[in-house]
Amino acid sequence: MTLRVGVIGVGMIGKEHIQRIAHKLAGARVVALSDVNEAAAREVAATLPGAKVYLTGEELIAAPDVDAVLVTSWGPTHAAYVLAAVAAKKPVFCEKPLATSAADCLRIVEAEIASGRHLVQVGFQRRYDRGYRALKKTIDDGLIGAPLMIHCAHRNPTVPEAYVSDMAIVDTFIHEIDALRWLINDDYVSTQVLKPRNTKHTHSKLDDPIMVLLETASGVRIDGEVFVNCRYGYDIQCQVVGEEGIASLPEPEAVPMRRNAALSTAIMQDWKLRFIDSYDVEIQDWIEATKAGRVNGPNAWDGYFAAVTADACLKAMHEGGVAPIVTSPRPTFYA
Ligand code: NAP
């Protein structure tokens, strides 16, 4: 059976997911599109034989020939579309964030539990990255013993002028927030945000770099650097220190060169290329799991946990000190 997918939001990532479903992946077809910019939706639809354009996301969700929904619109619109999909009992893949407030994420969690079916997946694609998976397997296999500390970094060469301090948490570090918790099967209990001296390459509305400290329930300590004007490249680092050894996220493949009296390896500049393969694996897995009636990837609870953690990081960043990370008890539905 071919999964008939409706996509809400045909911006940058929406178009990419549509292209991968249409031309790279197996088992699904994009049959419906919707975007506040109707002309943009019609332009994309013209490239997809038989795809219909709906004027609202709600109409697309209700369409009888839409089996599953992909939400790739602007973040603040996510909660309403995900809730509508859950109410219609349709599986929904929602790009991160699941919702822009923890309260809305919790509403989604409660609605999904009430529906009695696992329907919601959140677009935290690092869980599908080959390097992160290899690192997780190393930890899960016990090769470095119990994790004690994690040192990580999320660096961009530059960011646009519109990028402000809160975005370092909600748009950038949010990926570490989800990936690290999954990596070591542990939940966070507190956070602190330290602000070193600013780089001269930042502006008045952006503290850059920052360091996010997280503490987990089992006592693992994490230091995460976010440095979005680092100049030299897009660079994701993660080193897990365990009782018996240390394991690191593999570097992306690149050809080492001996040239001009130097030994060098290129560092990526574009964040999109760093995890490009993981998006393919992620959406293919979502297609297959959806057809089997499951959610394999990050679920609504993970989306909620990330939102609560991000809120605590923002509080710590704005008010100083240590902020507790307190969630509702985890429902057995997500055990
Ligand atoms: P984008 O290029 O701005 O695309 C968003 C699209 O949604 C635009 O076409 C926008 O139309 C449309 N839209 C806005 N409000 C809408 C509504 N109420 N109903 C339907 N469509 C609406 O943004 P993007 O970069 O693709 O990001 C989209 C989402 O994906 C964001 O939540 C972002 O955080 C997430 N994302 C995740 C990753 C990842 O690594 N997992 C990477 C990139 C993006 P207008 O342009 O006319 O407003």
Side-chain angles (χ1 to χ4, degrees), residues 5-21 30 32-45 47 52-63 66 69-85 92-101 104-105 108 120-129 131-132 154 156 159-160 162-164 166-179 182 226 228 234 236 268 270-286 297-299 302-303 306-307 310:
V5 177
V7 180
I8 304 175
V10 298
M12 191 270 295
I13 196 94
K15 280 200 199 96
E16 287 192 8
H17 287 335
I18 289 166
Q19 288 308 310
R20 54 177 53 91
I21 291 172
V30 176
L33 300 169
S34 180
D35 194 290
V36 275
N37 181 346
E38 187 194 340
R42 295 213 177 277
E43 199 178 309
V44 177
T47 68
K52 287 187 220 148
V53 171
Y54 291 86
L55 293 185
T56 67
E58 287 77 7
E59 286 170 71
L60 176 147
I61 291 164
V66 169
V69 181
L70 194 66
V71 178
T72 45
S73 50
W74 189 44
T77 65
H78 290 184
Y81 292 137
V82 174
L83 284 166
V92 52
F93 178 99
C94 179
E95 260 308 339
K96 62 90 189 161
L98 176 59
T100 46
S101 75
D104 276 349
C105 289
I108 292 169
V120 182
Q121 177 160 339
V122 186
F124 286 125
Q125 83 287 352
R126 284 205 196 168
R127 296 190 188 201
Y128 291 93
D129 172 67
Y132 269 104
H154 190 143
N156 291 56
V159 286
Y163 185 106
V164 293
D166 284 9
M167 295 166 83
I169 303 293
V170 298
D171 287 320
T172 300
F173 194 68
I174 195 78
H175 286 289
E176 270 75 18
I177 287 175
D178 179 69
W182 162 80
V226 184
V228 294
Y234 184 71
I236 302 298
M268 278 177 182
D270 183 350
W271 62 267
K272 256 186 272 166
L273 298 178
R274 174 65 179 84
F275 292 107
I276 194 93
D277 296 339
S278 64
Y279 293 116
D280 291 345
V281 182
E282 173 190 48
I283 302 295
Q284 185 67 66
D285 182 61
W286 175 68
N299 58 28
D302 296 315

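Atoms within a ligand are numbered from 1 in the order they appear, just like the ligands themselves.
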Contact check, P76 vs ligand 1, heavy-atom distance below 4.0 Å: no
Y163 and T172: side chain donor to acceptor below 3.5 Å: yes
Closest to atom 29 (C) of ligand 1 among S73, G9, G75 (heavy-atom distance): S73
For atom 11 (O) of ligand 1, closest protein heavy-atom neighbour: D35 OD1, 3.1 Å
Close approach, A40 and ligand 1, non-hydrogen under 4.0 angstrom: no
Heavy-atom nearest neighbour in the protein, as seen from atom 40 (O) of ligand 1, with distance rounded to 0.1 Å: Y279 OH, 2.7 Å
Identified side-chain hydrogen bond (donor to acceptor under 3.5 Å, both in side chains) counterpart of Y234 within the set H154, R274, K272: H154
Proximity of Y81 to ligand 1 by residue part, where a heavy atom lies under 4.0 Å: side chain
Atom 2 (O) of ligand 1 [closest protein heavy-atom partner, distance rounded to 0.1 Å]: M12 N, 2.9 Å
Protein contact to atom 33 (C) of ligand 1 [nearest heavy atom, distance to 0.1 Å]: K96 O, 3.6 Å
Partner residues of D280 under the side-chain contact (heavy atoms from CB on, under 4.5 Å) criterion, sequence neighbours left out: R20, K24, L25
Residue and atom name of the nearest protein heavy atom (relative to atom 47 (O) of ligand 1), distance in Å to one decimal: N37 CB, 3.6 Å
Shortest protein contact, atom 27 (O) of ligand 1 (heavy atom only): I13 CG2, 3.9 Å
Protein heavy atom at shortest distance from atom 38 (C) of ligand 1: E95 OE1, 3.8 Å
K272 near ligand 1 by a heavy-atom separation under 4.0 Å: no
For W271, the ligand 1 atoms whose distance to one of its heavy atoms is below 4.0 Å: 42 (C), 43 (C)
Taking atom 4 (O) of ligand 1 as the reference point, the nearest protein heavy atom with its distance: G11 CA, 3.2 Å
Side-chain ion pair, K96 and D178, N-O less than 4.0 Å: no
Nearest neighbour of atom 48 (O) of ligand 1 from the list T77, V10, V36, I8, on a heavy-atom basis: V36
Proximal atoms of ligand 1 relative to T72 (non-hydrogen, under 4.0 Å): 5 (C), 28 (C)
Salt bridge present between E176 and R126 (N-O < 4.0 angstrom): yes
